[in-house]
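Here it is, the structure, as structure tokens.
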Amino acid sequence: MDTRIFLIGFMGSGKSTLGAQLARRVDYKFIDMDHLIEETAEMSIPEIFNEHGEEVFRKWEHDILYELCRRENLVISTGGGAPCHSQLMDLMNTHGTTIYLKLSPEALKNRLIQSGAKRPLIMGKSEAELLDFIKSLLEKRELFYKLARHIVDGINLKPEALEKLLQFPD
Ligand code: S3P
């Protein structure tokens, strides 16, 4: 099994929940990139977007991912936008195993509505606006997400299934 496992996918696809469960099963450390950025900056993600802007957030995302690629035995839950800039998908593919948790725009919308997490890109959107936003952004982002080593259906996904995939990759 690779020494770094990257879970990638859109906001609300379950990367953090599944990542923490998977890390326990394989006895790796779990890293939530967003939390690490928040801890390092001593600010929440919405505060970072407000005070520094998205571009700075993307730069920090890049720096933290490079740093994580020097560490071992990690399951990393990446932010939804991380694979889509600065050739970070290439970086992750050369430093570990990438797994795309794929869900439909409708399923993502439902999960994001239920989730209490504050996400600057979708704040203040109505349900209809949210669905349109997800559809159009997901279409662009899937060009990157689909470069993952594994693509799995994120509905009813269990950490056991991910563990099996890592142990028996083909
Ligand atoms: C973002 C996703 C968020 C967080 C930031 C930007 C994105 O992470 O990194 O709000 O661009 O899709 P999650 O995918 O963990 O929600």
Side-chain angles (χ1 to χ4, degrees), residues 4-23 28-69 74-92 96 98-125 127 129-148 150-155 157 159 162:
R4 295 171 208 92
I5 312 301
F6 299 96
L7 298 188
I8 68 164
F10 206 82
M11 293 172 266
S13 56
K15 294 163 290 179
S16 300
T17 308
L18 277 159
Q21 295 167 338
L22 176 64
Y28 276 14
K29 187 172 164 52
F30 173 62
I31 303 280
D32 182 314
M33 260 181 69
D34 285 339
H35 285 172
L36 191 54
I37 292 174
E38 289 182 322
E39 267 174 32
T40 311
E42 297 183 351
M43 290 168 110
S44 69
I45 303 279
E47 282 169 351
I48 297 171
F49 270 67
N50 272 338
E51 290 187 29
H52 297 283
E54 181 172 345
E55 214 173 303
V56 168
F57 174 74
R58 299 300 175 198
K59 163 87 172 73
W60 291 353
E61 215 167 30
H62 162 277
D63 293 351
I64 283 207
L65 208 43
Y66 265 80
E67 188 58 44
L68 291 173
C69 285
L74 302 178
V75 173
I76 300 155
S77 143
T78 62
C84 312
H85 65 96
S86 322
Q87 291 170 342
L88 294 182
M89 203 60 218
D90 280 353
L91 178 79
M92 290 189 274
T98 50
I99 307 177
Y100 170 32
L101 310 185
K102 184 174 165 63
L103 283 110
S104 68
E106 287 73 16
L108 290 167
K109 182 205 73 178
N110 293 336
R111 286 185 180 206
L112 286 168
I113 286 171
Q114 277 163 23
S115 149
K118 290 202 171 65
R119 292 174 163 105
L121 294 182
I122 59 171
M123 267 181 204
K125 292 201 188 319
E127 213 173 306
E129 285 168 344
L130 181 59
L131 185 59
D132 284 347
F133 173 80
I134 294 171
K135 281 182 181 164
S136 92
L137 189 57
L138 184 60
E139 198 184 321
K140 294 180 201 130
R141 287 189 168 178
E142 273 208 321
L143 299 174
F144 299 93
Y145 295 162
K146 285 185 168 168
L147 300 172
H150 302 285
I151 300 178
V152 296
D153 182 349
I155 292 283
L157 183 59
L162 291 178

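Sequential numbering from 1 along the given sequence is applied to the chain's residues. Not measured: the values here are computed from a predicted model. Note that ligands are numbered from 1 as they come in the structure, with each ligand's atoms numbered from 1 the same way.
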* Run the contact test for Arg58 against ligand 1 with a 4.0 Å cut-off on heavy atoms, strictly below, and give the result. =>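 It does; at least one heavy atom falls under 4.0 Å.
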* Asked: Closest non-hydrogen protein atom to atom 15 (O) of ligand 1, residue and atom name please, with distance?
  ->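 The closest one turns out to be Asp34 OD2, 3.0 Å.
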* **Gap between atom CD1 of Ile37 and atom CD1 of Ile48 - 0.5 Å precision** =>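 Ile48 CD1 to Ile37 CD1: 6.5 Å, rounded to 0.5 Å.
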* Asked: Counting each atom of ligand 1 from 1 as listed, which ones have a heavy atom of Ile45 under 4.0 Å away?
  ->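 Near Ile45, the atoms of ligand 1 are 5 (C), 10 (O).
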* **Inter-residue atom distance Arg111.CZ - Phe10.CZ, 0.5 Å rounding** =>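 So the gap between those two atoms works out to 13.0 Å.
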* **Inter-residue atom distance Leu101.CG - Lys15.NZ, 0.5 Å rounding** =>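 Here the interatomic distance stands at 8.0 Å.
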* Structure fact -> Short version for Leu121: what comes under 4.0 Å of ligand 1, heavy atoms counted, is side chain
* To do: Output yes when Lys109 and Glu106 qualify as a salt bridge under the 4.0 Å nitrogen-oxygen rule, no when they do not.
  => no
* Asked: Any nitrogen or oxygen of Phe10, main chain or side chain, under 3.5 Å from a nitrogen or oxygen of ligand 1?
  -> no
* Structure fact -> For Lys15, the atoms of ligand 1 under 4.0 Å from one of its heavy atoms are 13 (P), 14 (O), 15 (O)
* Write out the residue and atom name of the closest protein heavy atom to atom 12 (O) of ligand 1, then the distance separating them to 0.1 Å. =>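 So the nearest neighbour among protein heavy atoms is Arg141 NH1, 2.6 Å.
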* CG/Leu131 to OG/Ser136 distance, rounded to the nearest 0.5 angstrom? -> 10.5 Å
* Can you pull out the closest protein heavy atom to atom 16 (O) of ligand 1? Residue, atom name and distance to 0.1 Å, please. => Arg119 NE, 2.7 Å
* Asp34 CG to Trp60 CH2 distance, which is reported to the nearest 0.5 Å ->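 Taking CG in Asp34 and CH2 in Trp60, the distance rounds to 13.0 Å.
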